[in-house]
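In what follows, a structure is listed as structure tokens, so that the remarks can point back to it.
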Amino acid sequence: AQSVTQLGSHVSVSEGALVLLRCNYSSSVPPYLFWYVQYPNQGLQLLLKYTSAATLVKGINGFEAEFKKSETSFHLTKPSAHMSDAAEYFCAVTHSGGYQKVTFGTGTKLQVIP
Amino acid sequence: GAVVSQHPSWVICKSGTSVKIECRSLDFQATTMFWYRQFPKQSLMLMATSNEGSKATYEQGVEKDKFLINHASLTLSTLTVTSAHPEDSSFYICSAPWISGRSDTQYFGPGTRLTVL
């Protein structure tokens, strides 16, 4: 069984401030972990993914996430928030890559305050 | 990167009618595709796994006779919502895994918003 828990359904940050979106996972086997972003009325865009290589993963738009096995966490960060970062963010987990089912977290809506 | 398209992007239909949604992998072949449903302000829930040349695999609680899936080719999967009702109104998203070299990940379509009146 696999699952992800996203802490905080809404997060507000000021423009230029640090963005931290939290994700904890549960998996009986080594997981593949993802962060996706969804803009209103659009599909999902892959931000970054962890596939058992480097624990610090860099993604698009300045985002990065660190896989911490001891904490079963995969938090998403960005040093300086931009207005265009306002969107819904989903953490997701699967096993061994593309052909497996993806289980999504409940999502975190990021608001960026000017 | 890989591209997955969906058609239509939105559809409004009357209760009791059937609606077909297409999911295409534009520049790669996909023997497997996944269909998700997303209700307002909620996460994506997997409905079924579409398999080219064989029957789809449905998740628990998803009515296979209501949500017909056909994976007729390596680049096309269709989801037909039969006898649609207002409670079927949702955002339907498909995904397809792209395997290339050492990279494998799922790419998602832009979604189809279904509104049943």
Side-chain angles (χ1 to χ4, degrees), chain A residues 1-11 21 23-25 30-54 57 59-61 65 87-111, chain B residues 1-7 9-10 21 23-25 28-52 56-60 62 90-115:
Chain A
Q2 59 190 28
S3 66
V4 287
T5 301
Q6 291 183 242
L7 297 177
S9 58
H10 288 81
V11 171
L21 304 183
C23 173
N24 288 88
Y25 71 90
Y32 282 39
L33 294 160
F34 306 83
W35 275 99
Y36 288 90
V37 61
Q38 184 180 35
Y39 296 98
N41 295 312
Q42 295 187 27
L44 300 180
Q45 181 180 9
L46 179 66
L47 278 178
L48 49 82
K49 63 179 180 179
Y50 166 77
T51 57
S52 74
V57 182
I60 62 172
N61 301 339
E88 185 106 29
Y89 292 80
F90 292 96
C91 181
V93 63
T94 188
H95 297 155
S96 68
Y99 283 113
Q100 304 299 315
K101 301 175 187 178
V102 176
T103 300
F104 286 89
T106 50
T108 298
K109 189 169 186 177
L110 176 66
Q111 179 185 21
Chain B
V3 176
V4 175
S5 71
Q6 283 184 239
H7 178 80
S9 56
W10 60 270
I21 302 170
C23 176
R24 294 182 185 272
S25 55
F28 66 102
Q29 295 181 335
T31 57
T32 300
M33 291 183 177
F34 300 92
W35 286 97
Y36 295 83
R37 179 168 52 184
Q38 183 182 29
F39 290 108
K41 303 186 186 302
Q42 295 186 28
S43 188
L44 283 76
M45 299 299 295
L46 180 66
M47 298 175 65
T49 304
S50 174
N51 304 298
E52 189 270 335
T57 304
Y58 291 83
E59 295 299 298
Q60 191 172 7
V62 178
S90 186
F91 196 49
Y92 292 86
I93 301 176
C94 69
S95 73
W98 181 59
I99 313 297
S100 176
R102 297 182 63 183
S103 172
D104 68 75
T105 193
Q106 287 196 32
Y107 287 88
F108 287 80
T112 297
R113 183 161 301 284
L114 169 63
T115 302

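Lettering follows sequence order; numbering is per chain, from 1. Only heavy atoms go into these numbers, but all of them, side chains included; no hydrogens, no water, no symmetry mates. Bear in mind the structure is a predicted one, so any value in this text is a computation, not a measurement.
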For [X], is it the side chain, the backbone, both or neither that has a heavy atom under 4.5 Å from a heavy atom of chain B?
{"X": "Gln38(A)", "result": "side chain"}
{"X": "Leu46(A)", "result": "side chain"}
{"X": "Phe104(A)", "result": "both"}

With side chains defined as the heavy atoms from C-beta onward, is the minimum distance between Leu44(B) and Leu44(A) less than 4.5 Å? yes

Chain A heavy atoms under 4.5 Å from Gln6(B): which part of the residue, side chain, backbone, both or neither? neither

Do you know which two heavy atoms are closest between Gln38(B) and Phe90(A), and how far apart they sit? NE2-CZ, 3.4 Å

Taking Gly105(A)'s backbone N and O only, do any of them form a donor-acceptor pair with Ser43(B)'s side chain (distance below 3.5 Å, no angle check)? yes

